[in-house]
Each structure stands twice: as structure tokens, then as C-alpha cells.
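Scroll down for the structure; my scribbles are underneath it.
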Amino acid sequence: MRLTRYFLPVLKETPKEAEIISHQLMLRAGLIKQQAAGSYSWLPYGYRVLMKIQRIVEEEQNRSGAIELLMPTLQSADLWRESGRYEAYGKEMLRIRDRHERDMLYGPTNEEMITDIFRTYVKSYKDLPLNLYHIQWKFRDEVRPRFGTMRSREFLMKDAYSFDLDKERAVAAYNRMFVAYLRTYWRMGLTAIPMRAETGPIGGDLSHEFIVLADTGESGVFCHADMLDKPIPSIDTDYDGDLTPIVKDWTSLYAATEDMADMAEYEAAVPAEKRISARGIEVGQTFYFGTKYSAPMKANVAGSDGQEVTVHMGSYGIGLTRIVPAIIEASHDENGIVWPVSVAPFEAVVINLKAGDAETDAACDSLYAEAGAAGIDVLYDDREVAAGGKFATADLIGVPYQLILGPRGLKEGQAEIKHRRTGERETLPIASAVSRLKALIEPQRRDKA
RNA sequence: CGGAGUAUAGCGCAGCCUGGUAGCGCACCUGCUUCGGGAGCAGGGGGUCGGGUGUUCGAAUCACCCUACUCCGACCA
């Protein structure tokens with residue numbers, strides 16, 4: 001993508017409403033524009049990150065055996081009356097009336113609708129287990145939206161719903177999601193710790209919140225320091241096999257949100273030097289809630305003995321629009337964002353230090369073409385702007401690698417690669433720059449491990 | 001929902017106290033000179049001063065009402 005043909009409105013100054021660093025950088029680097037309280041447009045650069053995150057989520061959900069579909073944003077109130085939540089949900093649910101005076105609502109979540117789909121079509125235990133998910137916009141009329149897309153009213157969420165014959169099998173489904181989540185966050189370059197959590201209005205008795213540690217996080221958390229560097233299950237994990245050992249390992253050390261934490265238990269379980277008491281951002285949550293929705297909504301299947309069985313369910317959410325600021329909170333410096341390669345909107349940027357100079361233009365044009373042909377997501381800063389401005393923009397928007405070429409280097413046949421994260425620079429022959437770049441980038445995509 | 005604040009050009013701000021018809025920096029446009037860490041000079045465009053009502057000869061400025069947004073707290077992917 002040529003920057004002169006792109007839409008990237010960057011700001012030199014920080015809009016005053018932005019309080020936390022991720023919100024400031026998302027506005028400054030042209031990722032989002034606020035449209036109303038808790039409502040944001042995703043500008044092209046931000047949308048690219050969001051879509052990269054979405055792809056990772058989809059790949060890992062699919063790998064675990066979940067199946068993607070898409071449900072509408074507007075739902076009929078009648079479904080929610082069946083489960084009893086139309087009255088129970090409160091003012092967070094945005095209620096709408098259509099032209100025929102029918103009660104509708106903008107979905108804050110989809111347990112009722114997915115249960116309706118399930119009960120319509122699935123009649124036999126032979127069709128289980130089943131896990132259906134979608135990635136759709138949700139609306140929760142938060143009392144107080146804040147921190148940009150970290151807590152917005154309209155947000156993009158992946159929500160998966162599992163259906164099983166009994167509790168034991170439902171827990172196995174829970175474990176598959178648990179493992180998929182560990183992989184999903186790791187692929188995005190995040191360290192997310194599963195913590196015992198309250199179940200809240202969704203209900204149930206088994207739940208984990210996946211928490212990214214950050215000072216600006218909204219939840220207080222307590223955990224064992226060794227949770228931070230546990231090995232991530234690999235790409236060839238057998239989701240048809242028994243995942244209990246992995247989940248056991250990940251849940252054996254103490255890790256709980258403040259709502260669940262018991263100080264005496266915490267101090268007994270974790271030696272003083274291993275105690276982490278910190279703030280965290282919740283980037284996902286998993287629930288097993290048995291028959292809470294399947295019973296009132298009559299989601300039954302025939303068991304092997306021909307008798308009707310009420311299915312056991314779980315639901316599993318990932319807030320995609322929250323993950324973007326979570327990544328930035330975890331990965332930035334004084335100059336701007338530092339994207340992990342796997343979610344970076346562009347993996348590299350070719351910086352033409354003297355756009356308008358015929359020879360430099362020709363050399364940079366061909367580097368850009370070569371990088372694109374090598375399968376690198378590459379941005380090309382071909383603006384006629386002083387070098388300092390280009391470096392500042394490249395740093396701000398956080399592209400992992402800068403491939404820099406100007407008349408001086410051109411004369412010597414040398415280009416420069418700057419590593420955004422470390423600041424390290426390497427000078428190398430122009431001819432080998434792209435292959436070097438590719439070698440740096442490929443392993444960091446984390447799509448093969 | 002309780003408490004506190006803000007609203008003047010795309011962004012950051014001054015002007016308001018003491019009323020006289022709007023200004024600065026950045027960004028944007030034109031030209032020239034520059035060009036390896038947010039360049040210089042010259043010229044230029046852009047504002048119903050959040051909205052309404054009132055006071056006044058005259059309101060960005062004073063008064064009242066409304067709206068939007070932000071922050072702190074209680075609640076949540």
C-alpha cells in the first residue's frame with residue numbers, strides 16, 4: 001500500500017478526552033474515530049488490525065472443532081422472555097420497538113438465539129458434541145463507557161456455544177475452548193492468564209477470565225508468578241484427545257480475580273516471592289452453565305436409550321475490539337505502538353527518504369514491489385515529506401520493521417532495516433534486504449507452531 | 001445512577017473576570033529553498049464561538065434552560 005494513496009489520518013497531538021495510553025495511540029495513529037459515547041468507527045488502519053485478530057480467532061476456533069455461523073444483531077424479545085432474561089437483564093440491554101410495535105433488542109449476547117437454532121435442528125445425541133460460534137457486533141448500554149474501545153457500548157465479540165449430552169462431556173468441550181484460548185492469545189503476542197472468575201448474569205459454576213496484566217486494567221487480580229511463562233499447547237494438539245492434563249496444569253497454580261480471591265487461600269497457596277497482585281484487562285471469558293438455558297427453552301435430544309435429555313451448555317467469549325487496546329497497553333513505547341508481527345496491520349514499511357528524486361524513487365519502488373511479491377504485508381511511505389516526519393510516523397503507527405533507503409545508501413548499494421521493538425538497525429546490501437526481512441518476519445507470524 | 005468538569009477551525013489551546021463583532025501553534029493549499037529523526041521563508045483558505053432564551057445600542061464574553069462529551073465512584077466482553 002502506497003501511503004500517498006492510503007487513508008491514514010495521524011495526529012501530532014493527543015486529543016484531550018483520551019486518558020489511557022492505548023486510547024491515545026489509537027486516536028493518534030488513526031485507528032479509530034469516536035462517533036458518540038462508547039461508539040467508534042474503525043478507520044482503515046485500525047480495521048486491518050481488527051481483521052488480523054479476527055482471522056487468528058477463527059483459525060483457532062476452527063482448529064478446536066468449533067463451527068462458524070452468523071446470527072443477527074437485532075433479536076426478538078420473545079426469545080428472551082423464554083429464558084427469563086428479558087426482564088432480568090436490566091438497562092444494559094438496548095430495547096427497540098419496530099414499526100409494528102414489536103419488542104426487539106440489540107443483542108448483548110446470543111445464548112437464547114443459539115439455543116433456538118440448536119433446538120430446531122438437533123434432535124439426537126449422535127449430533128453431539130456441537131460447538132457453534134459467530135463474530136458479531138454486540139451492544140451493551142454501559143452506564144459509563146470509557147477508555148476508547150476498551151469499554152465501548154458497541155463492540156465486536158466472538159461468542160461460541162457448546163452443546164453436550166452431560167456434564168462430563170460439557171467439561172471436555174470447555175477444555176477444548178480453554179486450550180484454543182491459550183493458543184489464540186499467544187498467537188497475538190499476548191500473555192493472557194486464565195483466572196477463576198465469577199459467572200455473573202450468564203450463570204453457571206465453572207468459569208475463567210483470561211486476563212492480560214496491565215496497570216490500566218479494570219480488574220484486580222492475584223496469581224502465581226509462574227503462570228506468566230507456562231508453555232503454550234502446540235499447533236498439533238489433539239483436540240479429540242484428553243485435554244484434562246493441559247487444563248489441570250494451567251489451573252493448578254493460584255490465579256483469581258479480586259471477586260473470587262480469598263486472601264488467606266492466596267497466601268497459603270503462593271510463596272511470598274511468587275505473589276503477583278496486579279491489575280489486568282479481561283480479554284475473554286469461558287463459562288460452563290449446564291442447563292440454565294436449555295431447560296427453560298427445551299433444548300433436548302434423544303439419548304442412546306431413546307429418552308429425552310436436556311443438553312449441557314457452555315459459552316465462550318472473546319472481545320475482539322478490546323484486544324486491540326490490550327495489545328497496545330502491553331506493547332508500546334514513548335514513540336508509539338509496537339505491533340507484534342502476527343497482528344500488525346503492515347509487517348514492514350519501505351521508507352523512501354527522498355521521494356521525488358528519480359533514482360531513489362526507482363530503487364524504493366522496486367523494493368516495495370519485491371517485498372509485496374515475497375508475501376510481506378508492506379506499506380510504502382512515498383510521501384514527499386522530510387525524513388524525520390517519516391520516521392516519526394513509522395514509529396507511531398508501530399510497523400514492526402522499517403526498510404529505509406535514501407540517496408546516501410543508494411550510492412553505496414546499502415539499505416537499512418530498523419527493528420521497531422528494539423531500535424536495532426542493520427545495514428545490508430539492497431539486493432538482500434527483502435529476503436532478510438522475510439526471514440525476520442515469518443517465524444513471528446506464529447501461524448505454524 | 002451519585003459527584004466533578006469541559007464545549008471557540010481537523011487537533012491542541014488563548015480570548016470570557018472587566019461586553020465593542022475572533023486569535024495562536026500544528027494540520028491544510030500555492031510558490032521557492034530544503035531533505036538521514038516531526039525543515040525554512042513568503043503568501044493563502046477554513047470558525048452559525050455546542051443549542052435555545054433572556055439582559056443590552058451591542059454577547060464568544062453576563063444570566064437562565066437544554067444538549068453532548070470527559071473524569072471520579074458504584075456496575076460490566
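Within every chain, numbering begins at 1; the chains are lettered A, B, ... in the order of the sequence lines, protein sequences first and strands thereafter. This structure is a prediction, so every number in the text was calculated from the model and none was measured.
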Do the rings of Phe118(A) and Phe163(A) sit parallel, tilted or perpendicular, given the 30° and 60° boundaries?
->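 Judged by the thresholds at 30° and 60°, the geometry between Phe118(A) and Phe163(A) is parallel.
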Which of parallel (below 30°), tilted (30 to 60°) and perpendicular (above 60°) describes Tyr401(A) and His419(A)?
->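 The rings of Tyr401(A) and His419(A) stand perpendicular, inter-plane angle above 60°.
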Does OP1 or OP2 of rC72(B) have a side-chain N or O of Arg144(A) closer than 4.0 Å?
->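 For rC72(B), OP1 or OP2 has a side-chain N or O of Arg144(A) closer than 4.0 Å.
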In [range], which ones come under 4.0 Å of RNA chain B, going by heavy atoms?
range: residues 412-424 of chain A; result: Glu416(A), Lys418(A)
range: residues 27-53 of chain A; result: Arg28(A), Gln34(A), Ala36(A), Ala37(A)
range: residues 376-393 of chain A; result: Ala386(A), Ala387(A), Gly388(A), Gly389(A), Phe391(A), Ala392(A), Thr393(A)

Is a side-chain N or O of Arg446(A) found less than 3.5 angstrom from the main chain of Trp186(A), in a donor-acceptor match?
-> yes
Any strand is fair game: report the nucleotide pairing with rC13(B) by Watson-Crick or G-U wobble, both distances under 3.5 Å, or none.
->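 For rC13(B), the partner nucleotide comes out as rG23(B), under the 3.5 Å rule.
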In the structure shown, which nucleotide is the Watson-Crick or G-U wobble counterpart of rA4(B), with both distances under 3.5 Å?
-> rU70(B)
Would Arg275(A) count as a cation-pi partner of Phe222(A), with NZ or CZ less than 6.0 Å from the six-membered ring centre and within 45° of the ring normal?
->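 Arg275(A) over Phe222(A) ring: no.
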On a whole-Å scale, what distance lies between the C1' atoms belonging to rG25(B) and rU8(B)?
->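 Comparing C1' positions in rG25(B) and rU8(B) gives a spacing of 15 Å.
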rC17(B) and rG38(B), which share atom name C1', separated by this distance in whole Å = 38 Å
Any residue meeting salt bridge (charged side-chain N to carboxylate O under 4.0 Å, His left out) with Arg187(A), in chain and number order, not counting sequence neighbours |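 Testing Arg187(A) for salt bridge (charged side-chain N to carboxylate O under 4.0 Å, His left out), a comparison that skips the adjacent residues, returns Glu59(A), Glu60(A).
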Please list each protein N or O that sits under 3.5 Å from an N or O in nucleotides 42-46 of chain B, with the distance.
none

Can you give one letter per nucleotide of nucleotides 25-30 of chain B, 5' to 3': B if a protein heavy atom sits under 4.0 Å from the base, S if only from the sugar-phosphate, - if neither?
-> BSS---
